[in-house]
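In what follows, a structure is listed as structure tokens, so that the remarks can point back to it.
Letters A, B, ... are given to chains in the order of the sequence lines, protein chains preceding strands, and every chain is numbered from 1.
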There are 2 protein chains.
Amino acid sequence: MKKKPVKERILDAALRLFNEKGFHGVSVEQIVEEANTSKGGFYHNFKSKDELLYQIHDVFITHAIEETKEAYNHYKTPITRLCAILDSFTKIFALYQSHITVFYQESMYLSESFQKAINLKRDQYRHLLEQVIREGQERGDFRKEIPANIVTLAIIGMINWTYKWFDQNGPLSMEAIADIFKDFVLHALITEAGKQEAGKVAKSFSR
Amino acid sequence: MKKKPVKERILDAALRLFNEKGFHGVSVEQIVEEANTSKGGFYHNFKSKDELLYQIHDVFITHAIEETKEAYNHYKTPITRLCAILDSFTKIFALYQSHITVFYQESMYLSESFQKAINLKRDQYRHLLEQVIREGQERGDFRKEIPANIVTLAIIGMINWTYKWFDQNGPLSMEAIADIFKDFVLHALITEAGKQEAGKVAKSFSR
DNA sequence: TTCAACATACCGACTGGTCGGTCGGTTATT
DNA sequence: AATAACCGACCGACCAGTCGGTATGTTGAA
């Protein structure tokens with residue numbers, strides 16, 4: 001039953017430990033012990049402790065971009081796209097909460113080149129959402145008074161912050177929270193003209 | 001001109017360095033060098049590196065609570081209070097961006113007792129905002145469909161996240177961003193009944 | 001089929017260096 | 001004189017990363 005490859009065991013153990021004690025609160029020794037392997041096994045699979053951190057980051061952000069693109073392509077109007085993105089967003093956050101905690105707490109300690117790679121993907125992700133907002137404004141669904149880039153950052157902040165307080169065993173599921181967020185954001189953004197569609201859409205989305 | 005007390009010099013230096021390289025990226029040696037003092041001077045003023053981190057945290061959060069309480073007491077309706085809180089919030093964030101960066105990145109490394117003290121103040125702060133939302137809902141100014149506690153967390157997340165992207169030298173001032181946030185949040189929350197007041201208030205707030 | 005040559009995966013004692021914290025001593029203040 | 005403020009050499013613990021080694025395939029020529 002212990003047939004998982006070492007690399008995967010290390011990633012799992014590291015994630016668990018980093019999430020609990022932080023990157024600097026965990027030594028490579030502790031990781032390899034938890035993963036039932038050795039220093040040698042570790043450095044055979046990873047160039048450095050940094051690279052391990054980077055890989056943890058990458059798993060999650062890559063997935064997030066993938067999902068968001070899919071949400072974008074699957075729907076055709078700004079309102080539905082926005083809702084779909086918010087849904088996929090929150091879903092990912094429920095799934096990868098540990099990754100994200102590590103991601104945001106520790107990414108500043110990564111080396112320059114790793115940081116660049118990460119930031120590139122973060123930007124990619126942000127632009128996807130921003131584009132949806134912008135298209136919605138052009139189409140007249142979303143209010144033009146508020147600049148798309150700031151709205152984007154506001155939404156991202158709102159969702160990202162959940163990693164600080166969301167409790168998997170709490171009274172509210174992530175889907176329920178997503179519904180609230182969608183309601184909140186749509187009311188903040190939508191124009192009179194967009195209201196009919198939003199009304200229709202809300203039902204199919206917030207089931 | 002170099003007559004600042006050592007303790008203050010240490011706090012300043014530490015803040016600058018932590019903000020740049022993170023708590024674990026800076027040694028006590030580096031701090032005392034930057035502050036033009038010595039290890040002895042440091043440990044005469046602080047029990048440990050941890051306590052230094054704690055004090056940096058505390059300065060900011062204490063100020064934030066103070067300001068928020070004042071905003072609450074100075075205004076008498078939920079809408080004006082909410083706007084005032086958002087204003088003070090963002091003002092504090094512009095002023096203490098370094099503190100906040102350190103605050104959120106590193107607080108997990110504090111010892112249990114320090115963490116408790118910090119969390120207590122965070123909660124205090126959150127409850128202030130939540131109460132305003134709740135009062136607004138009871139008074140019929142804010143929509144009741146969305147739970148006050150989640151809305152509170154959404155707003156806090158939105159604002160807190162600015163520490164990640166706000167650029168002091170960027171094109172938008174913090175006041176401008178606060179105006180956008182107020183617009184965003186009010187549109188998300190307000191009922192038909194609340195609209196007249198919001199309209200009036202918006203002018204005095206978003207100057 | 002066999003075995004030698006090579007490659008990959010993994011092991012764990014060890015090292016070089018760092019860093020938080022101490023302590024005996026010195027200087028400034030009251 | 002007495003106390004508080006400050007100095008800086010030093011200590012012990014810790015820790016990322018190394019390195020010489022083993023063990024387990026994998027290939028391919030005889």
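Centroid-to-centroid, the aromatic rings of B:Phe93 and B:Phe166 stay 6.0 Å apart or farther. Less than 6.0 angstrom separates the ring centroid of B:Tyr163 from the ring centroid of B:Tyr104.
For the pair B:Gln30 CD and C:dG20 P, the interatomic distance rounds to 9 Å; values are reported in whole Å. Protein atom CD of A:Glu33 is 12 Å distant from nucleotide atom P of C:dG12, rounded to whole Å. Rounding to whole angstrom units, CZ of residue B:Phe42 and P of C:dC23 are separated by 17 Å. With rounding to whole Å, B:His24 atom NE2 is found 12 Å from D:dA16 atom P. Regarding A:Ile31, its CD1 atom lies at a distance of 11 Å from the P atom of D:dG17, rounded to whole Å. In this structure, B:Phe46 atom CZ and C:dC19 atom P are separated by 19 Å, rounded to whole Å. To the nearest angstrom, C1' of D:dC10 lies 14 Å from OH of B:Tyr43. At whole-Å resolution of the value, NZ in A:Lys7 and C1' in C:dC10 are 15 Å apart.
When the side-chain nitrogen and oxygen atoms of B:Ser48 are compared with OP1 and OP2 of C:dG20, none of them lie within a distance under 4.0 Å. The shortest distance between the side-chain N/O atoms of A:Lys39 and the OP1/OP2 oxygens of C:dG12 is not below 4.0 Å. In this structure, B:Asn45 reaches the D:dC6 phosphate: one of its side-chain N or O atoms is under 4.0 Å from OP1 or OP2.
Among the atoms of the strands shown, none is found under 4.0 Å from any heavy atom of B:Val32.
If A:Gly41 and B:Ser27 are placed on DNA chain C by their nearest nucleotide, the residue sitting closer to the 5' end is A:Gly41. Residues B:His44 and A:Glu29 each lie close to DNA chain D; by heavy-atom proximity, the contact nearer the 5' end of the strand is made by B:His44.
Electrostatic pairing of A:Glu135 and A:Arg81 counts as a salt bridge here, judged by a charged N lying under 4.0 Å from a carboxylate O.
Side chain of A:Tyr109 to main chain of A:His24: no donor-acceptor pair is present (N/O by atom type, distance under 3.5 Å, no hydrogens or angles).
Two residues are said to be in side-chain contact when any heavy atoms from C-beta on lie closer than 4.5 Å; B:Leu95 and B:Phe60 fail this criterion.
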